[in-house]
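Remarks on the structure that follows.
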Amino acid sequence: GAKALAEALKVNTALQELYLGSNEISDEGAKALAEALKVNTALQQLYLGCNKISDEGAKASAEALKVNTALQKLSLTSNEISDEGAEALAEALKVNTALQELDLRYNVISAEGAKALAEALKVNMALQVLYLDCNKISNEGAKALEEALKVNTALQELYLYNNKISAEGAKALAEALKVNTALQKLDLRSNKISDECAKALAEALKVNTALEVLFLNKNKISDEGAKALAEALKVNTALQELDLNVNNISDEGAKALAE
């Protein structure tokens, strides 16, 4: 099925979006589609989530991205891609100038994969949205992303939901926010963000002029962190949405935020 579609994509010049989520495409199908992407100049969005694609399929997709100039969105969510696949995709991002959104949620990417992607972000000026939710990038991965965010001027949305990021990683991201002028949305839900992290993020918010949305729900922030964030909000003029649902904030913290 995927191979037949791939053959069609080699000659089709009209199709712009292709949704193939939750099938049995696997690496073989991904490889066939990748070959098609090397010559196709029309397809702008490709969704391959939940397809048992592993590093081999990711590597084939990466090779296609090195030459493809049309694809703007690629979703590989909920597959079996590890650091090896992430590293291949990162190499492709160093030369690709078309892809605007890459979705790698629910894979098995650790700090090493995040480091490779971070290196790519230092030179890539096309990617606007990166989903890394529900991987295992940890503090080490977050620190690598810090360095990238300090120089990257293209990425607008970064999703790091449920990645085992605690104080060290959150502080690193906060440092990046002090100088980054592009990122508009940062998702840190379901990590290990404490008051210490909230204070660091609050300090960043005092000088950041770009971030519009910050998700901190399902963390370990109490009144102390809420008060720090409240102080930052008094001077911050950019943030439009701050989500602190499911933390340890009492009436005291809520009052500070209300003021």
Side-chain angles (χ1 to χ4, degrees), residues 1-66 68 70-90 92-93 96 98-110 113-114 116-117 126-137 141 155-164 185 187-191 215 217-218:
K3 286 180 184 175
L5 284 169
E7 286 304 309
L9 283 177
K10 287 180 182 176
V11 292
N12 181 288
T13 56
L15 192 71
Q16 294 181 5
E17 298 180 19
L18 181 56
Y19 296 83
L20 291 171
S22 301
N23 281 291
E24 298 278 333
I25 286 174
S26 75
D27 288 334
E28 288 309 306
K31 285 178 189 176
L33 288 165
E35 286 305 308
L37 285 177
K38 287 179 181 177
V39 292
N40 179 287
T41 56
L43 196 71
Q44 294 175 14
Q45 300 183 25
L46 178 58
Y47 297 86
L48 296 174
C50 301
N51 267 299
K52 296 179 180 169
I53 296 167
S54 72
D55 291 331
E56 289 307 307
K59 283 194 248 183
S61 299
E63 286 305 307
L65 287 178
K66 287 179 182 176
N68 179 287
L71 199 69
Q72 295 172 15
K73 291 186 181 181
L74 175 61
S75 175
L76 291 167
T77 182
S78 306
N79 280 295
E80 297 158 11
I81 298 165
S82 73
D83 292 334
E84 198 179 337
E87 284 163 6
L89 288 164
L93 287 177
N96 179 287
L99 198 71
Q100 295 173 15
E101 185 175 310
L102 178 59
D103 188 350
L104 293 172
R105 287 177 292 180
Y106 296 95
N107 278 288
V108 284
I109 298 165
S110 75
L117 289 165
L127 198 72
Q128 296 174 13
V129 183
L130 177 59
Y131 292 93
L132 286 172
D133 306 317
C134 300
N135 279 286
K136 302 181 286 185
I137 76 161
L155 198 71
Q156 295 174 15
E157 299 181 17
L158 178 59
Y159 297 85
L160 299 174
Y161 165 86
N162 192 16
N163 262 295
K164 299 189 167 113
K185 189 171 185 177
D187 185 351
L188 289 170
R189 289 174 298 159
S190 295
N191 280 292
F215 288 156
N217 29 329
K218 296 183 181 175

Reported NZ-to-CG distance for the pair Lys136 and Asn162, which is rounded to 0.5 angstrom
11.5 Å
Applying side chain to side chain contact (heavy atoms under 4.5 Å, CB included), run through Leu117 and Ile137 and close with a yes or a no.
CA-CA 11 Å; Leu117 289 165; Ile137 76 161; over 6 Å; no
Any side-chain heavy-atom pair of Leu160 and Asp187 under 4.5 Å:
no
Check: Arg105 main-chain N/O paired with Asp133 side-chain donor or acceptor under 3.5 Å:
no
Minimum heavy-atom separation for Leu9 to Ala36, with atom names?
CB-CB, 3.8 Å
Should we say atom NZ of Lys31 is surrounded by more than 12 heavy atoms from elsewhere, each under 6.0 Å from it?
yes
Exercise: identify the closest heavy-atom pair between Ile109 and Asn135
N-OD1, 3.0 Å
When rounded to the nearest 0.5 angstrom, what is the spacing between NZ in Lys73 and CD in Gln16?
12.5 Å
Taking all heavy atoms of Ala34 and all of Ser61, pick out the closest pair and write down the distance.
CB-N, 3.9 Å
For the backbone of Tyr47 and the side chain of Asp103, can you confirm whether one donor and one acceptor N or O come within less than 3.5 Å of each other?
no
Write down the atom of Asn96, the atom of Leu99, and the distance for their closest heavy-atom approach.
OD1-N, 2.7 Å
Once salt bridge (Lys or Arg N to Asp or Glu O under 4.0 Å) is applied, do any residues pair with Glu17, and if so which ones, sequence neighbours excluded?
none
Side chain Asn79, main chain Asn51, donor-acceptor under 3.5 Å:
yes
Can you measure from CZ (Arg189) to NZ (Lys218) and round to the nearest 0.5 angstrom?
7.0 Å
Compare every heavy atom of Gly29 with every heavy atom of Ala2, then report the nearest pair and how far apart it is.
CB-CA, 3.8 Å
To the nearest 0.5 Å, how far apart are CD1 in Ile53 and OG1 in Thr77?
11.0 Å
Once salt bridge (Lys or Arg N to Asp or Glu O under 4.0 Å) is applied, do any residues pair with Lys3, and if so which ones, sequence neighbours excluded?
none
Minimal heavy-atom distance between Glu80 and Asn107, with the atoms involved, is N-OD1, 3.3 Å
Test side chain to side chain contact (heavy atoms under 4.5 Å, CB included) on Ile81 and Val108 and set out the steps.
CA-CA 6 Å; Ile81 298 165; Val108 284; 5.9 Å; no
Spacing of CD belonging to Glu56 relative to CD belonging to Glu84, to within rounding of 0.5 Å:
6.5 Å
If you round to the nearest 0.5 Å, how far is CG of Leu46 from OG of Ser75?
8.5 Å
Within the supplied structure, the quantity of interest is the number of heavy atoms (other residues, nucleotides, ligands) at a distance under 6.0 Å from Tyr159 OH; does it exceed 12?
yes
